[in-house]
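Here the structure is laid out as structure tokens; the discussion comes afterwards.
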Amino acid sequence: APAAQRAPALFRGTFVHSTQVSPVQILNDHILGVDKNGKIVFFEASDKEEKLSETWHFNKKDIRVLQKEFFIPGLVDTHIHASQYSNIGTGLDLTLLPWLTKYTFPVEAKYKDLKFAEDIYTKVVERTLKNGTTTACYFATIHTDASLKLCDIVDNYGQRALVGKVCMDINDTFHKYKEETSHSLEETQRFVTELAKRKYPRVKPIVTPRFAASCSSELLKQLGLFAKHNNLHIQSHISETRPELEITKRLFEKYENYTDVYYQHNLLTDKTVMAHGVYLSDEELKVFHREGAAISHCPNSNISLCSGLLDMRNVLKHQVKVGLGTDVSGGYSASMLDAIRRAIDTTKILSVQSPGYEKLSYKEIFRIATLGGSQALGLDKLIGNFEVGKEFDALLINVDVPNSAFEMFPGETNEVIIQYRDDRNIEEVYVAGKQVVPFLES
Ligand SMILES: O=c1[nH]c(=O)c2nc[nH]c2[nH]1
């Protein structure tokens with residue numbers, strides 16, 4: 001088993017596909033496999049084929065040697081507004097607060113219509129899977145039935161997800177889109193109960209106060225207590241823009257800072273993921289570390305809405321759990337590859353502004369997009385890398401497909417792909433060992 005922990009994140013090998021278990025990769029004298037429950041196993045084999053046929057019931061014809069393919073762990077999108085997918089790539093001329101009023105609240109209000117919800121939610125789940133997102137942490141809208149519909153679709157496609165029905169009882173700029181305080185809590189309870197009844201193995205609820213500026217203290221308190229008593233995941237936004245910080249300060253005068261608002265309402269736990277955190281002070285980062293709360297870094301959105309640049313090096317220095325998020329549709333791409341690139345770009349910009357700033361390497365960002373994301377969502381015992389006993393959430397990358405988006409040059413290793421590969425080179429997507437959404441023909 002310890003050998004598995006040493007197994008690299010990506011490698012070439014010989015692939016074995018079968019109708020019973022798939023896939024398996026032979027690495028020198030070891031076999032990385034996936035059992036019937038989608039769990040990763042790793043064992044030594046003196047005679048690979050004998051061992052394979054005995055243990056896994058493979059025929060020789062199932063074994064294919066494809067030098068141009070390799071696996072990477074599935075990508076974890078720690079912050080994505082499924083409901084905003086219909087706005088993707090549009091309306092990015094404003095900053096956060098006017099953007100919410102002009103573009104975002106009007107589209108979210110449409111999810112009262114279940115047919116509209118079903119159409120957009122189907123498209124976003126399909127698209128994120130095709131882009132290699134095996135796990136997503138979704139914001140839905142304030143509508144419970146539409147949020148449950150999103151859960152049904154996620155389960156149907158075989159994606160892994162945390163899904164949140166949005167809670168907000170304050171909206172002074174778009175009055176139609178808010179709830180009564182007690183209704184917001186009751187509907188969250190109904191959402192959690194109804195989702196539990198469905199017994200979906202890989203779709204879990206997440207308590208979702210939109211952000212402090214759209215929630216009364218009473219609502220935050222009720223949601224915090226509900227999450228605490230039921231040991232639930234929590235997500236929200238924090239310290240994304242300066243004007244939002246000012247409003248929050250005015251609304252929650254007696255609190256030390258933004259982090260303290262969530263902390264005092266029982267909303268900052270080791271199952272919490274907060275989007276953005278661009279303007280968190282070192283003091284606040286220390287509280288995040290102490291409480292085991294995570295940050296979802298959403299670099300595309302931070303740039304697109306001109307919110308600010310997160311100092312990831314400082315977040316890592318404070319040992320705060322951190323993952324990456326696409327933040328559709330503040331972010332204009334539903335691809336985690338885009339988030340990886342923007343995250344690297346952000347630290348490069350910071351290094352231009354402050355010579356000597358230690359940029360993040362692509363290896364660090366790749367880890368944050370996979371294992372880091374699983375830690376941020378409290379799922380790292382289950383997913384995030386290829387450790388024995390975890391579930392096999394993986395992408396099969398092929399560097400040599402027809403119409404590939406880029407060239408491989410002589411002597412290059414597969415590691416090159418992590419630096420500039422394209423989504424179109426994701427050939428197969430696996431969640432818990434099961435193939436979901438085949439994308440490219442090989
Ligand atoms: O990027 C963001 N998108 C949103 O929808 C939102 N709501 C509050 N704060 C937010 N930030």
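Keep in mind that this is a model prediction, so the values were computed, not measured. Atoms within each ligand, like the ligands themselves, are counted from 1 in listed order.
Below 30°, between 30° and 60°, or above 60°: for Tyr177 and Phe105 the angle between ring planes is between 30° and 60°, a tilted geometry.
Seen from the ring of Tyr263, Arg290 counts as a face-on cation partner, given the 6.0 Å and 45° thresholds.
Annotation: side chain to side chain donor-acceptor pair (under 3.5 Å) contacts involving residues 368-378, sequence neighbours excluded, are absent. Judged as a ring-ring contact (aromatic ring centres under 6.0 Å, His included), the pairs with a partner in residues 227-253 (not counting sequence neighbours) are, in order, His79-His237, His81-His237, Phe139-His237, His237-His276, Phe252-Tyr255.
In this structure, Gln84 is part of the shell of residues with a heavy atom less than 4.0 angstrom from ligand 1. Ligand 1 does not have Phe139 within reach: every non-hydrogen atom of the residue lies 4.0 Å or more from it.
In this structure, the protein non-hydrogen atom closest to atom 11 (N) of ligand 1 is Glu240 OE1, 2.7 Å. Protein heavy atom at the shortest distance from atom 7 (N) of ligand 1 is Arg210 NE, 2.8 Å.
Smallest separation of non-hydrogen atoms from Ser86 and Ile120: CB-CD1, 3.7 Å.
Within ligand 1, the atoms closer than 4.0 Å to a non-hydrogen atom of His276 are 1 (O), numbered from 1 in the order shown. Of all atoms in ligand 1, listed by their number and element, those nearer than 4.0 Å to a heavy atom of Asp327 are 1 (O), 2 (C). Close approach to His81 involves these atoms of ligand 1, each under 4.0 Å from a residue heavy atom: 3 (N), 4 (C), 5 (O).
Tyr121 has its ring centre no less than 6.0 Å from the ring centre of Tyr85.
If you look at Trp99 next to ligand 1, the close heavy atoms, those under 4.0 Å, all belong to the side chain.
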